[in-house]
Colleague: 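I'd like to ask some things about the structure below.
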Amino acid sequence: MLRALFFNYYIFLCSFTYCKTTGNKYKGDQECSIISSFQFQVHSETQGFHFLHFQVMDERPETELISIPATPRVSTPEIQTPSGQRSPRPAGQKSSTAWTPTSFISPRFLSPIGTPMKKVLINMKGYLEEVGHLTKLNPQDAWLPITESRNGNAHYAAFHNLNAGVGFQALVLPVAFAFLGWSWGILSLTIAYCWQLYTLWILVQLHEAVPGKRYNRYVELAQAAFGERLGVWLALFPTVYLSAGTATALILIGGETMKLFFQIVCGPLCSSNPLTTVEWYLVFTSLCIVLSQLPNLNSIAGLSLVGAITAITYSTMVWVLSVSQQRPPIISYEPLSMPSSSAALFSVMNALGIVAFAFRGHNLVLEIQATMPSTFKNPAHVPMWRGAKVAYFFIAMCLFPVAIGGFWAYGNLMPSGGILNALYAFHSHSIPRGLLALTFLLVVFNCLSSFQIYSMPAFDSFEAGYTSRTNRPCSIWVRSGFRVFYGFVSFFIGVALPFLSSLAGLLGGLTLPVTFAYPCFMWVLIKRPPKYSFNWYFNWILGWLGVAFSLAFSIGGIWSIVNNGLKLKFFKPN
């Protein structure tokens, strides 16, 4: 009995097997191939005692899971002896009706451990069939905010993508139409939408392009495609700007919108000493820091849902209110005239850059997908793509009406600040004050929600540096300290360098390859389609077109700075 207990104990320590049984009923040798690094033999005696002998095999790498197929159930011919034991049956002898056990999984296995062993092996077999492959996991990922929780789903993916994809950049699309006109404006917006949707699909598919590896961050995928050093040089600056730069812009826009909301609601009853613009920036930053204490990316799914709802609502309200009002009498839909052909060319490049910059969020696609569980039967790209399709359907329902409706309502009279500024400038007295205040309040809520998801990669970088040095997870106080520090650094940059908004065209051109160029190159370098095939040509052409447009839009941004001038006013926000 004691040896039987030891047998059960060692069976659970080993990684369970598919076995082949040979021998007779009571004296038999079972040679079992173990998935782990051991091989054992079980010797059963007539008295039912069990002995174990372990033999260490060659070690295999820990990151490789080798599935061993089940051994064919072929029993040795046997005959029944008078003593009750089994012995080899001569050739040509008819088979006996006596039963011979063929595997541990058999429910009739005559052993005191038959039932628990059967359950264990069945569970192990089901697990292997479900997983199918072993993903090499970095233990540090369990401590970082992006990969700390992996219980995401298609709904979370839709919330995050919609929150990241619709924002303040959509409100300036009518400005691009003022330079491009109806035909070229709609055509460029449609092409950009289809192009970025294709590169989004590429990123979703490349998340687990290599078996056993998940690329949880955009920089990791760039390193896998372009190499360790070149990948960092190409992807680090654009992704950092799209995260930290967007967070700074959200503080500026959110603070200014809060100021406008207060002025509309308060009206003539405002105190004689209202808050300054910098103080409103500080109020907005404080709210962002409080919300940023949520630990990981999955925990802000509720905030992303709020951001998605508010984005859809205020985008719809802005263009509906603009279209429903009477248009200005001197409106014109002709593209704005420029003094020279070169100036006209650069203005068109700048307008195309505005259109391209309206499609953001690709720097967060892999991070969002990293929050989902993935198995061989249920890979993460299935719910991710399902949620992304829903999100980008609503993104199209927001961007196209804002661009077309805004240009129809204001034409080339559209101010450089976008449709929200135009609505306030032309119809602040004709639109009910409550509707106008609600629109501004929704913009504030959306900026608060967008700040969280765009700041998450920066939080992840801070904590990755800490955990790699200390080899332990961040405590609550350390994590809170990082986020407070990041919030106030973004506030300081926004106040100290208020002219950064004038560099949006230039910086937008420099970050454009993250959305339109790099994914196409990554597909060719990682998936390796047949050379000179349609897939090969298509992705190389799209990638180099993205690089060319990036250079052209950057030149257009530089021309805009030179033409309009750049006032370097430090610590003097408008």
Colleague: Counting only N and O atoms by type, is there a donor-acceptor contact under 3.5 Å from the side chain of S533 to the main-chain atoms of P529?
Modeller: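 No, because the side chain of S533 does not come within donor-acceptor range (under 3.5 Å) of the backbone of P529.
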Colleague: If you define the side chain from C-beta out and look only at heavy atoms, does anything of D141 sit under 4.5 Å from N216?
Modeller: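 D141 vs N216: side chains touch.
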Colleague: If you define the side chain from C-beta out and look only at heavy atoms, does anything of N363 sit under 4.5 Å from T511?
Modeller: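 The answer is no; the side chains never approach within 4.5 Å.
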Colleague: For W201, which of Y392, W195, W523 qualifies under ring-ring contact (aromatic ring centres under 6.0 Å, His included)?
Modeller: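 That would be W523.
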Colleague: Parallel under 30°, tilted from 30 to 60°, perpendicular over 60°: which one fits the rings of Y193 and F359?
Modeller: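 Plane angle between 30° and 60°, so tilted.
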Colleague: Quick one: does V365's side chain get under 4.5 Å of M384's, heavy atoms only?
Modeller: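 They are in side-chain contact.
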Colleague: Indicate the ring-plane relationship of Y241 and F237, choosing parallel, tilted or perpendicular according to the 30° and 60° boundaries.
Modeller: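 Taking F237 first and then Y241, their aromatic rings lie parallel (interplane angle under 30°).
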Colleague: Just wondering, more than 12 heavy atoms not from F516 lying within 6.0 Å of its CZ?
Modeller: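 Enclosed.
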Colleague: Have a look at F534 and tell me which of Y537, F538, Y532, W536 forms a ring-ring contact (aromatic ring centres under 6.0 Å, His included) with it.
Modeller: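 Answer to the ring-ring contact (aromatic ring centres under 6.0 Å, His included) test with F534 among Y537, F538, Y532, W536: F538.
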Colleague: Quick one: sort the Y218 and Y518 rings into parallel, tilted or perpendicular, breaks at 30° and 60°.
Modeller: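 The arrangement is tilted - the two ring planes meet at 30° to 60°.
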Colleague: Is E367 salt-bridged to R217, cutoff N-O under 4.0 Å?
Modeller: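 Looking at R217 together with E367, the answer is no, because their closest N to O distance does not fall below 4.0 Å.
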Colleague: Go through the steps for E148 and R479 under the test salt bridge (Lys or Arg N to Asp or Glu O under 4.0 Å), then give the verdict.
Modeller: CA-CA 13 Å; E148 186 178 47; R479 173 172 285 181; 3.7 Å; yes
Colleague: Determine whether the aromatic ring centres of residues F521 and W540 are separated by less than 6.0 angstrom.
Modeller: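 Aromatic pair counts; centres sit under 6.0 Å.
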Colleague: Using the rule given for side-chain contact (heavy atoms from CB on, under 4.5 Å), can you reason through R360 versus Y454, listing the C-alpha separation, both sets of side-chain angles and the distance that settles it, and then say yes or no?
Modeller: CA-CA 11 Å; R360 61 176 188 173; Y454 273 95; 2.9 Å; yes
Colleague: Please confirm whether the ring centroid of Y486 lies under 6.0 Å from the ring centroid of F459.
Modeller: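 Judged by ring-centre distance (under 6.0 Å), Y486 and F459 do meet the cut-off.
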Colleague: Answer whether the closest heavy-atom distance between the side chains of I202 and M522 falls below 4.5 Å.
Modeller: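 Of all side-chain heavy-atom pairs linking M522 with I202, none is under 4.5 Å.
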Colleague: With a 4.5 Å heavy-atom cut-off, do S149 and T371 have their side chains touching?
Modeller: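 Heavy-atom side-chain distance check fails, nothing below 4.5 Å.
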Colleague: Answer with yes or no whether the side chains of T515 and Q196 bring together a donor and an acceptor at under 3.5 Å.
Modeller: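 The criterion, which ignores hydrogens and geometry beyond distance, is not satisfied for T515 and Q196.
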Colleague: Under a 3.5 Å threshold, yes or no: a donor from one side chain and an acceptor from the other, between E208 and S374?
Modeller: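 Checked: E208/S374 side chains pair up, N/O donor to acceptor below 3.5 Å.
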